[in-house]
Amino acid sequence: ADYFLVHDRDIHVRCDDSVTMIENGKPQVIRRARGYAPDPVLLPFKAREVLACGAQLKSTFCITKDQYAFISQHLGDLENLETLSHFEHMLDLYQKLFRLQPHIIAHDKHPDYLTTRFARELKNRDATIELIPVQHHHAHIVSCLTENKVTSPALGVAFDGSGYGEDGCIWGGEFFLVDHASCHRLAHLEYVPLPGGEAAIKKPYRMAISYLLTLLGTDALGKSLSFLKHIGPGEKSIIERQIEKGINTPLTSSAGRLFDGVSALMDIVKEVDYEGQAAVWLEMIAGESSEPTKLYPFEIEEKNGVKIVRLKKIFAAIVDDLIAGVPQPLIAATFHQTLAQMTACVCQACSRATGIRQVALSGGVFQNRLFATLARRYLADAGLTVITHSAIPCNDGGISLGQAVVANYLVM
């Protein structure tokens, strides 16, 4: 027989189930909620009372006091007023629970995040509040360092879907020199247009067209690639014009969009039903292959003191393999291997330039178990010390902790 629990009581504290996995022999939290929150994170310094509002997606907030950081449970994506109301309710509960009333508020630098607007509204209500904007990927790396009790400078690799960059572009394939108070960009994946903005995230074939057109030119769109057969000539023409004329096409260096573009190029996923689907399916297919015997070629060049990873040769090689009929699993596995090796090569170059040998890995792309495993292996082979997440999510659920720590260091 089926049994159901039915009641008419209000749920005072909503809390999702936590999501974890075992990675590199230890638990890694993907969603930190039931069973973890509000258990505090022990800080390697005595903290002020700081509220960090977190990111837009996979939202959490964090409040610091003494040597503790209290991170809320996973609150969801702040894309509507209902979720924002839940955010405010939980914040009020935490402030009462831990008897906190912070007057230092950290927030993401993206001007349109609901969390940014919320922080500004708090400032409007109370002029004594000090607002501290924190760059998205700086917060990512600092959350990883803080979890591992690392207080010295480190190299940081931040690979995710998107984060507001210092130059106004959409970052997400970044290499930094980081300490708790500062973040210096050393290298990044090259910029490509994001045709249609949010539309390119939901329809990864737009990213595939962007990479082909930007890196290989219009001739690449005339090749016999199967994914192009599913795109109507009208839409294909609109996407081309968007990219050529720069209409609603912000530039992005995102590693997340790179995975999307390759997945769509290989005709694995055309449109996504959930976040990260294109990359997830690409990883699954790569897992069906034996270890590749080659890597795709790539180039690293320096411009104005910043290293830029050029992707043209990677995409040219993938196109050649597709036309030659190379099996999808082998292409996907080779791409993962190549990106991991590229990550290690860039970090080696940054290590030689800075003298720093510890590397922190953060951002949602490192939820890709195949890529994360390969990246750790190649970094270790290069003689670098790898720092990774465990109890704090590597995705945006860990952003609030990083924001809070950065803000503490900036006001010390």
Worksheet item: Tyr113 and Tyr164: ring pair (Phe, Tyr, Trp, His ring centres under 6.0 Å), yes or no, with the steps?
Response: CA-CA 10 Å; Tyr113 276 3; Tyr164 190 78; 8.5 Å; no

Hey, are the side chains of [X] and [Y] touching, using non-hydrogen atoms and a 4.5 Å cut-off?
{"X": "Trp171", "Y": "His188", "result": "no"}
{"X": "Tyr191", "Y": "Asp167", "result": "yes"}
{"X": "Pro393", "Y": "His74", "result": "no"}
{"X": "Val178", "Y": "Cys183", "result": "yes"}
{"X": "Asn368", "Y": "Phe159", "result": "no"}
{"X": "Leu43", "Y": "Asn408", "result": "no"}
{"X": "Gln358", "Y": "Ile387", "result": "yes"}
{"X": "Ser18", "Y": "Val29", "result": "no"}

Fill in: Trace of the side-chain contact (heavy atoms from CB on, under 4.5 Å) decision for Ile314 with Leu215
CA-CA 10 Å; Ile314 293 179; Leu215 303 177; over 6 Å; no

Pair [X] + [Y]: basic N to acidic O under 4.0 Å:
{"X": "Glu240", "Y": "Lys236", "value": "yes"}
{"X": "Glu299", "Y": "Lys312", "value": "no"}
{"X": "Glu130", "Y": "Arg48", "value": "no"}

Side chains of residues 216-233: which donor-acceptor partners sit under 3.5 Å, not counting sequence neighbours?
residue, atom, partner, partner atom, Å
Ser226, OG, Asp267, OD2, 3.1
His230, NE2, Asp267, OD2, 3.3

Response to the item:
Residues passing the ring pair (Phe, Tyr, Trp, His ring centres under 6.0 Å) test with His107, sequence neighbours excluded, are none

Just by modelled atom types, is the [Y] backbone N or O under 3.5 Å from a matching donor or acceptor in the [X] side chain?
{"X": "Asp160", "Y": "Val365", "result": "no"}
{"X": "Ser210", "Y": "Leu194", "result": "no"}
{"X": "Ser253", "Y": "Glu190", "result": "no"}
{"X": "Asn395", "Y": "Ile30", "result": "yes"}
{"X": "Arg357", "Y": "Ser351", "result": "no"}
{"X": "Thr116", "Y": "His110", "result": "yes"}
{"X": "Glu79", "Y": "Leu57", "result": "no"}
{"X": "Ser85", "Y": "Leu81", "result": "no"}
{"X": "Gln328", "Y": "Met266", "result": "yes"}
{"X": "Gln67", "Y": "Leu42", "result": "no"}

Item to complete: Start with the C-alpha gap between Phe298 and Phe315, add the side-chain angles, then the distance that decides, and say whether ring pair (Phe, Tyr, Trp, His ring centres under 6.0 Å) holds.
Response: CA-CA 9 Å; Phe298 57 88; Phe315 273 85; over 10 Å; no

Side chains of [X] and [Y]: do they bring a donor and an acceptor to under 3.5 Å?
{"X": "Gln28", "Y": "Thr388", "value": "no"}
{"X": "Ser362", "Y": "His389", "value": "yes"}
{"X": "Ser263", "Y": "Asp260", "value": "no"}
{"X": "Asp396", "Y": "His140", "value": "yes"}
{"X": "Thr373", "Y": "Arg369", "value": "no"}

Item to complete: Would you mind telling me which of Thr214, Leu213, Ile239 makes a side-chain contact (heavy atoms from CB on, under 4.5 Å) with Pro193?
Response: Thr214

Discussion item. Over 60° means perpendicular and under 30° means parallel, so tell me whether Tyr409 and His180 are parallel, tilted or perpendicular.
Written reply: parallel

Practice prompt. Starting from the C-alpha separation in whole Å, work towards a yes-or-no answer on ring pair (Phe, Tyr, Trp, His ring centres under 6.0 Å) for Phe87 and Phe118.
Written response: CA-CA 10 Å; Phe87 178 98; Phe118 174 74; 5.3 Å; yes

Worksheet item: So, for Ala208 and Gly261, which heavy atoms are closest and what is the spacing to 0.1 Å?
Response: CB-O, 3.6 Å

Item to complete: Write down the atom of Leu370, the atom of Ala286, and the distance for their closest heavy-atom approach.
Response: CD2-CB, 3.6 Å

Worksheet item: Residues two or more places apart in sequence or in another chain: which of them pass side-chain hydrogen bond (donor to acceptor under 3.5 Å, both in side chains) with Tyr296?
Response: Asp321

Discussion item. If the test is salt bridge (Lys or Arg N to Asp or Glu O under 4.0 Å), which one of Arg32, Arg31, Arg34 qualifies with Asp17?
Written reply: Arg34

Item to complete: Identify the residue among His136, His137, Arg185 that makes a side-chain hydrogen bond (donor to acceptor under 3.5 Å, both in side chains) with Glu174.
Response: Arg185

